[in-house]
Amino acid sequence: MLRTKTCGELRSENIGEEVTLCGWVDGYRDHNGVVFIDLRDRYGITQVAFKLDLAPEIQEQARKLRNEDVLRATGTVIDRGENVNPKLDTGKIEIHASELEVYSKSKTPPFEPGTQELPNEELRLQYRFLDLRRQELHDALAIRHRVSKITRDYFDTQGFLEIETPMLGRSTPEGARDYLVPSRVHPGAFYALPQSPQIYKQILMVAGYDRYYQLARCFRDEDLRADRQPEFTQIDVEMAFVDREDIFSTIDGLVAALIEGVRGTSTPLPLPRISYHDAMERFGSDKPDLRFGMELVDVGETVADCEFGVFKNVIAGGGRVRGMNAKGAAEKYSRKNIDGLTAFVGEYGAKGLAFFRVKANEGGDLCLDSPIAKFFSDEHQQAIIGKLKGEAGDLLFFVADKPAVTSAALGALRFRLGRELELYDPKEINCAWIIDFPLVTWNEDENRWDAEHHPFCSVVAEDVELIKTDPGKVRALSYDLVVNGNEAASGSIRIHDSDTQQAVFDLLGMPAEEAEARFGFLLEALRYGAPPHGGIALGLDRWVMLFCGYDNIRDVIAFPKTQKAADLLSGAPSEVDSRQLRDLHIRNVTK
RNA sequence: GGGGCCGUAGCUCAAUUGGUUAGAGUACCGGACUGUCGAUCCGGGGGUUGCGGGUUCAAGUCCCGUCGGCCUCGCCA
């Protein structure tokens, strides 16, 4: 090594030692007779002093050092005495340099990795090599490494094999849009990058590899979000000869190991479970944030005969009126704030947001205060207050609409209010299984049933008969793991007998020929002795994001892409020359 | 595809709500200084206000379009 120590490890015990450090200039202070350099590497910062009286021959060179220059300095570890810097772990010592080698000068950087105020993200992504020098990115990627390492160790102890599956696969048009790769040797034909290793891992089960996992890179050509990148990493798992409980206990163990390994805290197992139905009723979401309460309440019966036309008409039309109680928030939201919330729920299809402040009148009785309170008799007001357990100072919100809209709007509003009202400890990691998802949901536009999870998802045994009679009521053997309001894992027990598989294809309106054409290779494999099997995939990026306490996954990915799926560092995607296109039998039709 | 926020010096921001030569901090350059650690002090350079149109006596500011970044609905089996 070119160095004998790192910039993070020297302490008082090292005083008197001759050491050599390498690193980047994090800051410089030139006092003519002495030049101070804050030298930074992965491990920390150490102050190096270049003193005129000790090494006059390198003084001139030291005075020219600027931020982000790379150097090697050799010198003696000195006690700082009175001049300790409590901000640095190495603050009790410094190096009095006798030798200096400048490996490379840096152009003036567009921003300083050590600075407090971050530049805009566009610049950070363009100069990602500078951004990655920041301590926060180092920490995030270290946690990411820890999650991967713990995962591999855990599955190893459980007898799993890590098996790689192809990146160049066959396009199956279901689900997300594929990223396609043209074939040179098969003119007009394309590979697809995997949306997930789903079909391959099921084939591995048929092949007898009954405990498989993989840290799998996946690709989906869909619009991005804060927690969605076009390429991302799944902890992909599949097991044979198992039922749902085996998956839960296996993943419970992984989750506990991750939290223990990253946070150092233990997690009570088994993780709690909530049915999809209960999650939607109580929280308005299939990925509820369970760090706080503020559950939804149905007041449909209570307000069915009130004088407020909106409520009355919605109930009469088969809709629902649901609400929730923001405890103590009456004075925290002005009329203008609430207008903002009304616009917010509008994004989820709600046509309005009714609100009431709970107040105590002169007599000490509770009543509702709102522009629409006059439409509610005293009996109605008391009933509403009773249902939502209202107390003076509470703020009640209601949405009246189609059932799905009340869930979507109130679920989103609850999530937002929980954050704004700081109803939880932001460091908490709260996990729960959501189970008993519906197998299919009705697609209004296409006038058919769509698979909620995917077409190979098995069904709760007692619901099999319902496939033909009442498909919307069929519960799937699928499950999600939600963490702090994020879908952090999703999986299912798969269908392994062809009768059930055919029944599901029939339900989805997929003719046998079409199923054969699309994933016949999986169906054929299942005909050669398929064990009962099931699995799950965890979103590794999201888990790391949650462990870091960030609100987007770009900050836990070394080289992320922008919302338009561009890499601002490399310039991908880019045009290619016509020769490459010709080799691939591709013609550019945009010109 | 839709909605919203943003774009001014290398960077972070300001600019009287349409009005004189677009400012500050920081970074950068030069100088002073032997104990700083957000060093300090003196001096200096640095602008196509993302881009293109339009309105106006006058546009960083208003309007239209466009590019880019972020958030989001749809989408993501």
Side-chain angles (χ1 to χ4, degrees), chain A residues 26-39 45-54 56 59 63-64 66-68 78 80-88 90-91 94 96 107-127 130 172-178 195-196 198-199 218-230 232 340 343-350 408-409 412 416 437 439-441 443 445 449-457 476 478 487 490 492 504 508 510 518-519 539 551-552 554 561-564 566 568:
Chain A
D26 198 62
Y28 65 94
R29 293 170 294 283
D30 182 356
H31 288 250
N32 195 23
V34 55
V35 175
F36 297 103
I37 298 293
D38 298 325
L39 195 64
I45 292 176
T46 298
Q47 174 164 285
V48 181
F50 296 89
K51 292 166 73 79
L52 187 59
D53 50 1
L54 288 180
Q59 185 74 359
R63 294 188 70 177
K64 288 181 182 158
R66 292 295 178 268
N67 288 342
E68 305 310 315
I78 301 293
R80 285 227 218 167
E82 297 292 299
N83 295 320
V84 297
N85 183 350
K87 292 178 186 170
L88 296 180
T90 60
E94 66 184 7
H96 284 191
K107 288 174 69 178
T108 300
F111 63 92
E112 311 280 345
T115 196
Q116 297 299 322
E117 43 187 28
L118 278 175
N120 71 62
E121 191 163 2
E122 197 172 351
L123 200 72
R124 289 175 53 203
L125 292 172
Q126 188 182 345
Y127 293 91
L130 295 180
T172 54
E174 286 66 36
R177 272 186 287 270
D178 286 325
Q195 297 172 26
S196 81
Q198 181 64 37
I199 290 177
C218 304
F219 306 84
R220 293 179 189 176
D221 186 6
E222 296 292 345
D223 287 348
L224 275 52
R225 288 287 188 282
D227 62 351
R228 279 167 24 192
Q229 282 274 301
F232 60 101
F344 176 72
V345 296
E347 293 173 26
Y348 300 87
R416 173 172 170 168
F437 278 80
L439 181 72
V440 291
T441 49
N443 183 329
D445 299 332
W449 295 101
D450 280 345
E452 175 74 19
H453 185 57
H454 59 57
F456 316 114
C457 178
S478 66
E487 181 191 316
S490 182
S492 64
V504 170
L508 297 174
M510 188 184 300
R518 290 187 175 187
F519 14 74
D551 54 13
N552 79 74
R554 294 185 300 280
K561 290 182 174 56
T562 68
Q563 195 161 59
K564 295 193 78 177
L568 298 183

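Here is the naming used below: chain letters follow the sequence lines, and residue numbers restart at 1 for every chain.
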Exercise for the section: Find the distance between CD1 (A/Ile45) and CG (A/Asp26) and round it off to the nearest 0.5 Å. Expected result: 4.0 Å
Handout entry: Residue mapping more 5' on RNA chain B - nearest nucleotide basis, A/Asn120 or A/Asn67
Key = A/Asn120
Practice task
Could you tell me whether A/Arg225 contacts a base, only the sugar-phosphate backbone, or nothing, with contacts defined as non-hydrogen atoms closer than 4.0 Å?
Solution key: base
Fill in the blank from the handout: B/U20 -> Watson-Crick or G-U wobble partner, both distances under 3.5 Å, gives none
Practice task
Determine the interatomic distance between P on B/G3 and the same-named atom on B/U66; round to the nearest Å.
Solution key: 11 Å
Practice task
Considering just the side-chain nitrogens and oxygens of A/Asn32, establish if one lies under 4.0 Å of OP1 or OP2 belonging to B/U34.
Solution key: yes
Problem - Which nucleotide in B/C37, B/G69, B/U72 has an atom nearest any side-chain atom of A/Thr562 - result: B/G69
Practice task
Have a look at A/Tyr28 and say if it touches a base, only the backbone sugar-phosphate, or nothing, with a 4.0 Å heavy-atom cut-off.
Solution key: sugar-phosphate
Problem - Shortest side-chain distance from A/Thr108, nucleotide among B/C28, B/G1, B/C33 - result: B/C28
Practice task
Kindly indicate whether the side chain of A/Arg29 and the base of B/C33 share any N or O donor-acceptor pair separated by less than 3.5 Å?
Solution key: no
Practice task
Would you check if A/His31 stacks with the base of B/G35, given a 5.5 Å centroid limit and a 30° plane limit, both strict?
Solution key: no
Fill in the blank from the handout: Hits for ring-ring contact (aromatic ring centres under 6.0 Å, His included) against A/Phe111, two or more places apart or cross-chain, chain-then-number order -> none
Practice task
Test for a donor-acceptor pair under 3.5 Å between the base of B/C37 and the side chain of A/Asn85, counting only N and O atoms.
Solution key: yes
Handout entry: Pairwise C1' distance, B/C11 and B/U49 [rounded to whole Å]
Key = 16 Å
Practice task
Scan A/Gln563 against the nucleic acid and name what it touches under 4.0 Å (heavy atoms): base, sugar-phosphate only, or nothing.
Solution key: base
Practice task
For nucleotides B/G45 and B/C29, find the distance between their C1' atoms and express it as a whole number of Å.
Solution key: 7 Å
Handout entry: Sugar-phosphate only, base, or nothing, as touched by A/Leu118 at under 4.0 Å among non-hydrogen atoms
Key = sugar-phosphate
Practice task
Could you give the distance separating B/G46 and B/G23 at their C1' atoms, to the nearest angstrom?
Solution key: 13 Å
Practice task
State whether A/Lys107 places a side-chain N or O below 4.0 Å from either non-bridging phosphate oxygen (OP1 or OP2) of B/C28.
Solution key: no
Exercise for the section: Output yes when a side-chain donor or acceptor of A/Glu112 lies under 3.5 Å from a complementary backbone atom of A/Asn67, and no otherwise. Expected result: no
Exercise for the section: Please work out if A/Arg518 contacts a base, only the sugar-phosphate, or nothing of the nucleic acid, heavy-atom cut-off 4.0 Å. Expected result: nothing
Handout entry: Candidates B/G74, B/U72, B/U34 - which lies nearest the side chain of A/Val34
Key = B/U34
Practice task
Select one nucleotide: of B/C37, B/C29, B/G69, the one nearest the side-chain heavy atoms of A/Asp38.
Solution key: B/C37
Exercise for the section: Using atom NZ of A/Lys64 as one end and atom C1' of B/C29 as the other, report the distance to the nearest whole Å. Expected result: 14 Å
Practice task
Starting from C1' on B/C76, measure out to CG on A/Leu224 and report it in whole angstrom.
Solution key: 10 Å
Problem - Nearest-angstrom distance, P atom, B/G47 to B/U16 - result: 23 Å
Completion exercise
For A/Phe437, the ring-ring contact (aromatic ring centres under 6.0 Å, His included) test, sequence neighbours excluded, returns A/Tyr276
Handout entry: Shortest non-hydrogen contact from A/Arg554 toward A/Ala226
Key = NH1-CA, 4.3 Å
Exercise for the section: Quick one: label A/Asp30 by what it contacts on the DNA or RNA (base, sugar-phosphate, nothing), any heavy atom closer than 4.0 Å. Expected result: base
Practice task
Give the rounded distance in Å between these two atoms: CD of A/Glu347 and P of B/G3.
Solution key: 12 Å
Exercise for the section: For A/Gln229, answer base if it contacts any base atom (sugar-phosphate contacts may also be present), sugar-phosphate if it contacts only those atoms, and nothing otherwise; contact means non-hydrogen atoms under 4.0 Å. Expected result: nothing
Exercise for the section: Considering only atom P, compute the distance from B/C28 to B/C5 and round it to an integer number of Å. Expected result: 37 Å
Completion exercise
Winner on side-chain proximity to A/Ala566, out of B/G35, B/G69, B/C76, is B/G69
Exercise for the section: Test for a donor-acceptor pair under 3.5 Å between the base of B/C75 and the side chain of A/Arg220, counting only N and O atoms. Expected result: no
Problem - Whole-angstrom distance between B/U61 and B/U17, as gauged at atom C1' - result: 7 Å
Problem - cation_pi(A/Arg220, A/Phe232) dist<6.0 Å, angle<=45 - result: no
Practice task
With heavy atoms under 4.0 Å as the rule, sort A/Glu452 into base, sugar-phosphate or nothing.
Solution key: sugar-phosphate
Problem - A/Gln47-A/Arg29 side chain donor-acceptor pair, cut-off 3.5 Å - result: yes
Problem - Closest to side chain of A/Phe36, choosing from B/U72, B/U36, B/G74 - result: B/U36
Exercise for the section: Tell me whether the OP1 or OP2 atom of B/C11 has a side-chain N or O from A/Arg124 closer than 4.0 Å. Expected result: no
Handout entry: B/G25 - base-pair partner by Watson-Crick or wobble geometry, distances under 3.5 Å
Key = B/C11
Completion exercise
Rounded to the nearest 0.5 Å, the OG1 atom of A/Thr90 sits from the CG atom of A/Asn85 at a distance of 8.0 Å
Completion exercise
On RNA chain B, more 5' by nearest nucleotide between A/Asp551 and A/Leu123 is A/Leu123
Problem - Rounded distance (Å) that lies between atom C1' of B/U36 and atom CD1 of A/Ile78 - result: 16 Å
Completion exercise
Of B/C70, B/U72, B/G35, the nucleotide closest to the side chain of A/Glu121 is B/C70
Exercise for the section: Mind checking A/Asp53 for me? I need base, sugar-phosphate or nothing, with any heavy atom below 4.0 Å counting as a touch. Expected result: base
Handout entry: Base B/U26 to side chain A/Glu112, donor-acceptor N/O within 3.5 Å cut-off
Key = no
Exercise for the section: Answer yes or no for this row: A/Phe111 ring on B/C11 base, centroids under 5.5 Å, planes under 30°. Expected result: no
Practice task
Side chain of A/Glu94 only, please: which of B/C71, B/G35, B/G69 is the nearest?
Solution key: B/G35
Exercise for the section: Round to a whole Å and report the spacing from NZ of A/Lys561 to C1' of B/C70. Expected result: 18 Å
Handout entry: Separation of atom CG in A/Leu88 from atom P in B/C37, rounded to whole Å
Key = 12 Å
Exercise for the section: Please work out whether B/U17 sits syn or anti, treating a glycosidic angle within 90° of 0 as syn. Expected result: syn
Problem - Rounded distance in Å - NZ (A/Lys51) to P (B/C33) - result: 17 Å
Exercise for the section: Look at A/Arg66 and B/G10 and indicate whether a side-chain polar atom (N or O) is within less than 4.0 Å of OP1 or OP2. Expected result: no
Exercise for the section: Verify the contact: side-chain N or O of A/Lys564 to OP1 or OP2 of B/G68, cut-off strictly under 4.0 Å; return yes or no. Expected result: yes
Practice task
Using a heavy-atom cut-off of under 4.0 Å over every strand shown, decide if A/Pro110 touches base, sugar-phosphate, or nothing.
Solution key: sugar-phosphate
Practice task
Find the distance A/Ile37:CD1 to B/U36:C1' and express it as a whole number of Å.
Solution key: 11 Å
Practice task
Decide, yes or no, whether a salt bridge links A/Arg228 with A/Glu222 under the criterion of side-chain N to carboxylate O below 4.0 Å.
Solution key: no
Problem - B/G18 versus B/G54 - spacing of their C1' atoms, nearest Å - result: 15 Å
Practice task
Give one of base, sugar-phosphate or nothing for A/Tyr348, where a contact means two heavy atoms less than 4.0 Å apart.
Solution key: sugar-phosphate
Exercise for the section: Taking A/Arg518 for its side chain and A/Thr172 for its backbone only, find out whether a donor-acceptor pair lies under 3.5 Å. Expected result: no
